[in-house]
Amino acid sequence: MLLPSFVFIIIVTGFPLLYSLYVSFTPYELLKPNSLIFELPKALNNYTRLLNDPVFWKSLGNTIIFLTVTVNLEYFLALGLSQLLAQVTRGQAIMRTMLMIPMMFAPILVGFQFRWFFNSNLGLVNNALVSLGIIGEQTRIAWLVDEPLGMICIIIATIWMNLPVMTIILLAGTLSLPQETYEAADVDGASAWQKFRFITLPLLAPFTYIALTIRSLDVARAFDIVRIMTDGGPARRTELIWTYAGRLAIEDTKFGLGSAMSWITVIISVGFTVYLFRQLVKSRIVE
Amino acid sequence: MRKLTLILLITSLLAVLSFGALVSAQEGEPQYAGLDKDLAGITIKMLTIGGGQYEAMYQSLPIFEEATGATVEIVTLLDGFEIDKKLVQDYATGAVDYDVAWNHTSFMSRYVGFVEPLNNYFSAEELAAFSPSIVEAATIDGNLQLIPRHADISALHYRTDLYNDADIQAKYKEATGADLAVPTTLEEVDMQARFFHDNGYTKYGYSIVGKEEAVTGRFYEFLFGSGGNYFDENWEPIFNNEIGVSVAELLRGWYADGIIAEDTPNLVWDGDAANFCNGDVALKLEWYGWYSYFQTPDSCPNVAGNFGLARGFSGFQNEGARPTGWAGAHAFSITSASQNKEAAAQLIKFLTSERIGYEEAQLGFLPVRDDVWNRIISDASASGVPLDQERLEVARVQITEDFKTPPLIAEWIPFSNLFYPHLQAIMLGDVTAQEGLDAAAAEARQLLADAGYYDE
């Protein structure tokens with residue numbers, strides 16, 4: 001009975017992956033069908049070109065910064081929010097529902113919304129700052145152009161949209177923690193901070209690693225919001241690995257190069273996921 | 001005497017009748033084309049552009065179906081960039097199951113080999129109805145790639161309330177020693193844009209888009225307007241020469257000095273047009289398609305009725321300088337995979353006929369046919385708004401004399417994608433103009449070398 005499932009998975013998952021791996025070793029361009037040729041001496045051309053491409057390294061560096069800042073900020077905010085929500089005794093269901101609202105928007109809409117917020121001439125943020133007298137009419141801030149403000153704006157939009165996911169996971173974890181431990185700590189005279197630091201945080205570790213893994217993989221795939229807000233620019237200042245891969249493969253029709261870039265990214269992502277899961281296993285052993 | 005009187009009477013009568021016939025021929029209803037063949041039982045599939053006013057012409061398809069007996073099926077309606085992506089994928093994977101496909105002069109080089117050369121489907125007389133500059137631009141290696149539907153080109157938009165103000169004129173004369181007149185060179189544009197900005201008449205002096213193909217095209221205009229080009233006749237990049245550097249330095253200076261908006265590197269067409277609409281800009285190149293938007297007081301109260309149009313200015317005054325005129329035309333082609341090429345050609349004749357062209361021109365699109373130009377200019381003269389007619393007269397000159405497509409290579413969009421980040425870096429001051437253009441030239445050469453442009 002396993003065979004049909006196995007064959008199905010191979011066809012649905014394995015074939016496209018193997019095919020894209022094959023394509024990554026060819027100079028294939030979408031509008032030149034004859035370019036889908038594997039030649040051993042040239043098989044690694046796409047990979048060597050990418051490794052020598054400053055834009056690739058720039059986009060990889062940007063992605064790492066974006067990922068690190070976004071996921072960590074999101075985690076600390078979600079941790080705080082989840083602890084506050086866990087204290088709420090009445091109306092928690094309504095608050096949880098309200099919290100989920102940003103998740104209901106398509107990323108592309110969030111991108112448009114924040115692009116407008118941060119528009120230097122017509123945007124909400126600059127107009128508010130001008131009205132409050134914080135900046136002058138002639139000194140409006142080019143939020144989406146300036147470095148590093150452009151990246152910060154994208155991080156804000158991403159966190160706004162995805163904070164609920166991590167908050168809900170951490171809230172679920174917090175609510176499932178055994179109350180006896182806290183009662184024992186109360187008997188021992190532990191302070192609120194000591195309870196949080198020595199009981200809540202360690203016991204939440206499995207939930208934390210699951211949330212971090214899910215969000216890290218998700219953030220690393222960021223495309224829509226960046227595409228709409230800055231499209232990786234200006235001058236590659238917010239170029240991420242997937243916006244660059246998309247530009248190469250879809251707009252420039254260089255499928256071979258785009259596939260090679262995707263595979264490098266996938267290998268990095270798999271390594272990162274393995275690391276996080278190992279941490280998850282360790283945290284469970286401690287538990 | 002009676003005989004002479006009779007002859008004169010008959011001659012006069014004939015003259016009046018002939019004149020009447022001439023007038024009625026000129027003022028008669030514009031005619032459809034492509035209805036003269038029996039296409040009963042044939043289904044013609046079409047993949048074309050949709051959205052807004054683009055779709056108005058498709059309401060006339062029942063007339064074609066009734067006259068020819070053919071059935072026309074619109075497979076998909078998509079916007080320009082989305083339709084390009086679909087066409088690329090369909091052409092590459094052999095998934096084309098339609099006969100007529102949207103095309104555009106900026107994209108057509110990507111589709112060569114996947115669309116049918118049209119020379120044999122249209123007579124010389126039929127082709128003579130279209131602007132020769134567009135037909136010429138749409139011909140690659142002697143093969144006509146498309147039949148144009150309507151065109152667009154940018155005109156200089158300038159604020160008449162500023163240019164006609166006596167105080168401003170006097171101050172400009174005092175500051176520069178020159179008369180304030182609509183600029184005809186890039187040097188004058190620079191001088192005036194700086195004057196308007198520096199003296200606080202407008203928030204910015206000029207406005208320009210700052211990313212994607214939009215800025216690659218705008219830079220191209222300034223470049224070829226100054227006698228330069230992206231590539232030489234052997235497809236070697238030459239935009240990093242003195243001309244290219246001077247244009248890049250101009251944009252860099254404009255950005256650094258606040259002559260253009262602080263978010264210019266993030267602007268595309270809508271944001272760029274909004275700057276003019278808001279009254280923040282004194283002058284700029286802009287597509288004709290925004291005309292009715294700018295003229296509507298509810299949309300643009302600061303500029304409606306307060307702006308004029310002029311032919312694009314020349315670039316820096318080098319050898320070969322010429323007016324700007326980066327232009328494009330929406331069009332139709334017959335796919336190579338079509339099983340009904342003759343019927344597809346009939347449908348294209350219908351869709352690009354005088355009648356349909358006239359109806360589209362009434363919606364604001366710029367015509368590509370002389371007969372349609374005559375009609376809409378005549379109509380505009382009766383509108384009561386002088387700019388309505390002036391706009392069309394300027395546009396006609398531009399379409400006829402200044403129409404210039406991007407380089408006709410399939411790598412235009414990939415080239416643009418590698419070029420514009422370097423241009424942005426120059427504008428933002430991350431690199432010098434020479435460094436940025438040299439880096440872009442090296443990448444462009446690699447791109448074209450990969451595509452087999454050089455014997456190496």
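Naming convention: chains lettered A, B, ... in sequence-line order (proteins, then strands); numbering from 1 in each chain.
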Checklist line | B:Tyr255 OH to B:Gln424 CD distance, which is reported to the nearest 0.5 Å | finding: 10.0 Å

Next item on the list: Check whether B:Tyr111 gets within reach of chain A through its side chain, its backbone, both or neither, counting any heavy atom under 4.5 Å.
Entry: neither

Check: Out of A:Asn126, A:Asn127, A:Asn119, A:Asn121, which residue meets the side-chain hydrogen bond (donor to acceptor under 3.5 Å, both in side chains) rule with A:Arg140?
Finding: A:Asn127

Check: Are the aromatic rings of B:Phe195 and B:Tyr201 close, with centres under 6.0 Å apart?
Finding: yes

Checklist line | Top contributor to chain A interface from B:Asn275, B:Asn266, B:Ile426 [non-hydrogen pairs under 4.5 Å] | finding: B:Asn266

Check: Quick one: are the ring centres of A:Tyr47 and A:Trp263 less than 6.0 Å apart?
Finding: no

Margin query: With chain B as the partner, which of A:Arg115, A:Arg247, A:Lys254, A:Arg237 has the greatest number of non-hydrogen pairs under 4.5 Å?
Written below: A:Arg237

Note to self: As an exercise: rank B:Thr93, B:Leu418, B:Asp450 by heavy-atom pairs under 4.5 Å with chain A and give me the winner.
What the structure shows: B:Asp450

Item checked: Region of B:Asn417 in contact with chain A, defined by heavy-atom distances below 4.5 Å -> both

Notebook entry, point to check: chain A: which of B:Ala410, B:Gly258, B:Ala92 shares the most heavy-atom pairs with it under 4.5 Å?
Noted result: B:Ala92

Next item on the list: Would you mind telling me which of B:Arg110, B:His422, B:Lys211, B:Gln89 has the largest number of heavy-atom pairs within less than 4.5 Å of chain A?
Entry: B:Arg110

Item checked: CG on B:Asp280 to NZ on B:Lys203, rounded to 0.5 Å -> 5.0 Å

Next item on the list: Heavy-atom distances under 4.5 Å only: say whether B:Leu447 touches chain A with side chain, backbone, both or neither.
Entry: side chain

Margin query: Aromatic contact between B:Trp290 and B:Phe276, with the criterion being ring centroids under 6.0 Å apart: yes or no?
Written below: no

Check: Among B:Thr264, B:Val88, B:Ile413, which residue forms the greatest number of heavy-atom pairs with chain A at distances under 4.5 Å?
Finding: B:Val88

Item checked: Under 4.5 Å from any heavy atom of chain A - which part of B:Phe415 -> neither

Notebook entry, point to check: What part of A:Leu248 lies closer than 4.5 angstrom to a heavy atom of chain B: side chain, backbone, both or neither?
Noted result: neither

Notebook entry, point to check: Are B:Phe239 and B:Phe419 close enough that their ring centres sit under 6.0 Å apart?
Noted result: yes

Notebook entry, point to check: In terms of heavy-atom proximity below 4.5 Å to chain A, should B:Asn278 be classed as side chain, backbone, both, or neither?
Noted result: side chain

Item checked: B:His157 and B:Phe294 aromatic ring geometry - parallel, tilted or perpendicular at 30°/60° bounds -> perpendicular

Item checked: Side-chain donor or acceptor of B:Tyr204 paired with backbone N/O of B:Glu262 under 3.5 Å -> no

Next item on the list: Please flag which part of A:Thr253 lies under 4.5 Å from any non-hydrogen atom of chain B: side chain, backbone, both or neither.
Entry: side chain

Check: Highest number of heavy-atom pairs under 4.5 Å with chain B: which of A:Asp231, A:Ile250, A:Asp146?
Finding: A:Asp231

Next item on the list: Please work out whether the ring planes of A:Phe25 and A:Phe38 are parallel, tilted or perpendicular, with thresholds of 30° and 60°.
Entry: perpendicular

Margin query: Quick check on B:Glu411 against chain A: is it the side chain, the backbone, both or neither that has a heavy atom closer than 4.5 Å?
Written below: side chain

Item checked: A:Glu137, part contacting chain B, at a heavy-atom distance under 4.5 Å -> both

